[in-house]
A.B. asks: 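If you scroll down you'll find the structure; I have some questions about it.
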Amino acid sequence: MNFHFSKWHGIGNDFVIVDGRKEQIDDYNQAAIEICDRHFGVGADGLVMILPSEIADFKMRIFNSDGSEAEMCGNATRCIARYLYEQKLTTKTKIVIETKAGMIKPEIIFKNGNFETVKVDMGEPILAAEDIPVAGFGKEQVVHKELTVLDKTYQITCVSMGNPHCVIFVEDINAVELEKIGPMIETQPMFPKKINVEFVEVKSKDHLRMRVWERGAGITLACGTGSCATIVAAILNEKTGRSAKIELDGGDLYVEWGEDNHVYLSGPAEEVFRAEYVK
Ligand code: ZDP
């Protein structure tokens, strides 16, 4: 398996990006497991493939470090937007990307001619339980509902940003044993496609502290779709206004649930190195 790649991260949520229009990888799922391994591979939370699209500027597919495919990925969307622009693979600063969760629209924003941030229109959140999917609630929303795991009862709010999220507000985030409880919630039978799990402490009306256990990847330093799900859940639970800073283990992201019902995500995207995989 020989291919050129670029290594990126969005506040520590890291990806191997491959231009699949030029490079040949036969089995994306298996490749993700090998490449994402932090000892025997490059090391990353996910493998991102850039592919041609007939209906958008580009198509993106994202594979978690366990080889499973996710529908969407907020942080990777920012990274590939900057990658495509800086590699001169597009001249557009507003790019339309086809994903398994529909069209996602990142916009590269400059300040005094220098890159500043990527703001992504992540589309509309999905709140009907059966569409997230969460079993047992029909078309109802899952807002502040009880879930008991390991003899402890949590109040959960579920949101899909194309991929499924379970948001739990807590008094003290440092008291959460994420490594223990994360995988238990991820694999509850009520979540037929498994779920990403976010624990959130409300610091103020526009500042949330969040830690994430990602489906298929475990603890990561940041999660873009998870940050979007968090602001939606915070508003549904009347904890914040329409926008907030999300403080993650790897840094800060900014999210807004607009009056147009779209969620907007802003934050950094950094290239680390380019290389050839030769294993
Ligand atoms: O839905 C999933 O299986 C996630 N693990 C996909 C990755 C989400 C991501 N962290 C993000 O930023 O949205 C990349």
Side-chain angles (χ1 to χ4, degrees), residues 7-18 28-29 32-33 35-36 43-50 60-83 97 99-102 104-106 117-123 125-126 131-134 158-167 178 182-183 185-188 191-200 210-233 246-255 263-270:
K7 175 81 198 295
W8 283 72
H9 76 92
I11 55 168
N13 184 201
D14 57 348
F15 308 101
V16 167
I17 297 182
V18 177
Y28 296 149
N29 307 84
I33 296 171
I35 293 159
C36 292
D45 294 326
L47 166 67
V48 180
M49 297 300 306
I50 296 171
M60 169 183 111
R61 290 180 69 184
I62 158 92
F63 299 85
N64 291 311
S65 52
D66 75 349
S68 62
E69 182 167 8
E71 301 84 346
M72 232 312 267
C73 176
N75 282 327
T77 316
R78 291 201 315 280
C79 293
I80 70 167
R82 189 173 179 191
Y83 169 86
I97 297 175
T99 72
K100 290 226 148 120
I104 304 298
K105 297 174 187 157
T117 189
V118 185
K119 182 174 180 183
V120 190
D121 176 350
M122 302 277 287
I126 297 161
D131 298 330
I132 295 175
V134 180
C158 298
V159 177
S160 166
M161 289 305 308
N163 57 352
H165 296 269
C166 172
V167 181
L178 191 56
I185 297 177
E186 178 194 0
T187 54
Q188 287 296 303
F191 305 126
K193 289 194 177 164
K194 298 195 189 163
I195 208 152
N196 295 286
V197 186
E198 285 84 20
F199 283 93
V200 182
M210 189 264 268
R211 296 194 72 213
V212 59
W213 174 271
E214 281 192 33
R215 175 182 71 164
I219 293 177
T220 63
L221 297 184
C223 180
T225 47
S227 299
C228 294
T230 295
I231 185 70
V232 172
I246 312 281
E247 180 192 338
L248 297 132
D249 288 355
D252 299 337
L253 294 174
Y254 293 85
V255 287
V263 184
Y264 295 88
L265 167 73
S266 303
E270 300 290 333

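Atoms within each ligand, like the ligands themselves, are counted from 1 in listed order. Nothing fancy with the numbering, it's 1 onward along the sequence. What you see is a predicted model, and the numbers here were worked out from it, not measured in a lab.
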A.B. asks: Would you name the heavy atoms of Phe63 and Ala32 that are closest together and state the gap between them?
C.D. replies: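 It is CB-CB, 3.6 Å.
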
A.B. asks: Less than 4.5 Å apart, side chain to side chain, heavy atoms only: is that true for Ile80 and Ile97?
C.D. replies: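 Result yes, sub-4.5 Å side-chain heavy-atom pair found.
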
A.B. asks: State plainly whether the residues Glu198 and Arg211 are in salt-bridge range, i.e. N to O under 4.0 Å.
C.D. replies: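 So Glu198 does not pair with Arg211 through a salt bridge.
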
A.B. asks: Under 3.5 Å, is there a donor-acceptor pair linking the side chains of Glu270 and Trp8?
C.D. replies: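 Side-chain D/A pair, Glu270 to Trp8: absent.
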
A.B. asks: Identify the protein heavy atom lying closest to atom 12 (O) of ligand 1, giving its residue, its atom name and the separation to 0.1 Å.
C.D. replies: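 Checked against all protein heavy atoms, atom 12 (O) of ligand 1 sits closest to Gly224 N, 2.6 Å.
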
A.B. asks: Are Thr220 and ligand 1 in contact, using a heavy-atom cut-off of under 4.0 Å?
C.D. replies: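 No, Thr220 has no heavy atoms under 4.0 Å from ligand 1.
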
A.B. asks: Below a 4.0 angstrom heavy-atom separation, can you tell me which part of Asn13, side chain or backbone, both or neither, approaches ligand 1?
C.D. replies: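 Within the 4.0 Å criterion, Asn13 contacts ligand 1 through side-chain atoms alone.
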
A.B. asks: Would you indicate whether the side-chain heavy atoms of Tyr28 and Met49 approach each other to under 4.5 Å?
C.D. replies: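 The answer is yes, as the side chains (C-beta and beyond) meet within the 4.5 Å cut-off.
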
A.B. asks: Nearest to atom 4 (C) of ligand 1, what protein heavy atom do you find, and at what distance?
C.D. replies: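 Atom 4 (C) of ligand 1 sits closest to the protein heavy atom Asn196 OD1, 3.3 Å.
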
A.B. asks: Measure Val212 to ligand 1 on non-hydrogen atoms and call it side chain, backbone, both or neither using the 4.0 Å cut-off.
C.D. replies: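 For Val212, there is no contact with ligand 1 at all, from either part.
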
A.B. asks: What are the two closest heavy atoms between Asn29 and Glu69, and how far apart are they?
C.D. replies: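 Looks like ND2-N, 4.5 Å.
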
A.B. asks: Check ligand 1 against Phe15 and write out every atom of the ligand that is under 4.0 Å from a heavy-atom position of the residue.
C.D. replies: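 Selected atoms, number and element: 14 (C).
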
A.B. asks: For ligand 1, is any non-hydrogen atom under 4.0 Å from Asn64's backbone (N, CA, C, O), its side chain (CB onward), both, or neither?
C.D. replies: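 Only the side chain of Asn64 comes within reach of ligand 1.
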
A.B. asks: Would you mind telling me if ligand 1 is within reach of the side chain of Asn163, the backbone, both or neither, using heavy atoms under 4.0 Å?
C.D. replies: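 Just the side chain.
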
A.B. asks: Answer with side chain, backbone, both or neither: which part of Ala217 has a heavy atom less than 4.0 angstrom from an atom of ligand 1?
C.D. replies: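 For Ala217, no heavy atom sits under 4.0 Å from ligand 1.
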
A.B. asks: Hey, which atoms in ligand 1 end up nearer than 4.0 Å to a heavy atom of Thr225?
C.D. replies: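 With Thr225 as reference, the close atoms of ligand 1 come out as 8 (C), 11 (C), 12 (O), 13 (O).
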
A.B. asks: Lys119 versus Tyr264: any side-chain heavy-atom pair under 4.5 Å?
C.D. replies: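 A side-chain contact under 4.5 Å exists here.
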
A.B. asks: Which heavy-atom pair separates Asp14 from Lys7 by the least distance, and what is that distance?
C.D. replies: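 Between these two residues, the closest heavy atoms are OD2-NZ, 3.1 Å.
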
A.B. asks: Closest non-hydrogen protein atom to atom 7 (C) of ligand 1, residue and atom name please, with distance?
C.D. replies: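 Protein heavy atom at minimum distance: Glu214 OE1, 3.3 Å.
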
A.B. asks: For Ala70, counting its heavy atoms only, list the atoms of ligand 1 lying under 4.0 Å from any of them.
C.D. replies: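 This gives 1 (O), 2 (C), 3 (O), 6 (C) as the contact atoms.
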
A.B. asks: Among all protein heavy atoms, pick out the one at the shortest distance from atom 9 (C) of ligand 1; state its residue, atom name and that distance to 0.1 Å.
C.D. replies: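 The answer is Cys73 SG, 3.5 Å.
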
A.B. asks: Give yes if a backbone or side-chain nitrogen or oxygen of Arg215 is under 3.5 Å from a nitrogen or oxygen of ligand 1, and no if not.
C.D. replies: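 The answer is yes, given that Arg215 and ligand 1 share an N or O pair closer than 3.5 Å.
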
A.B. asks: Grab the two heavy atoms, one from Cys223 and one from His165, that are nearest each other, plus how far apart they are.
C.D. replies: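 Heavy atoms only, the tightest pair is SG-CE1, 4.1 Å.
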
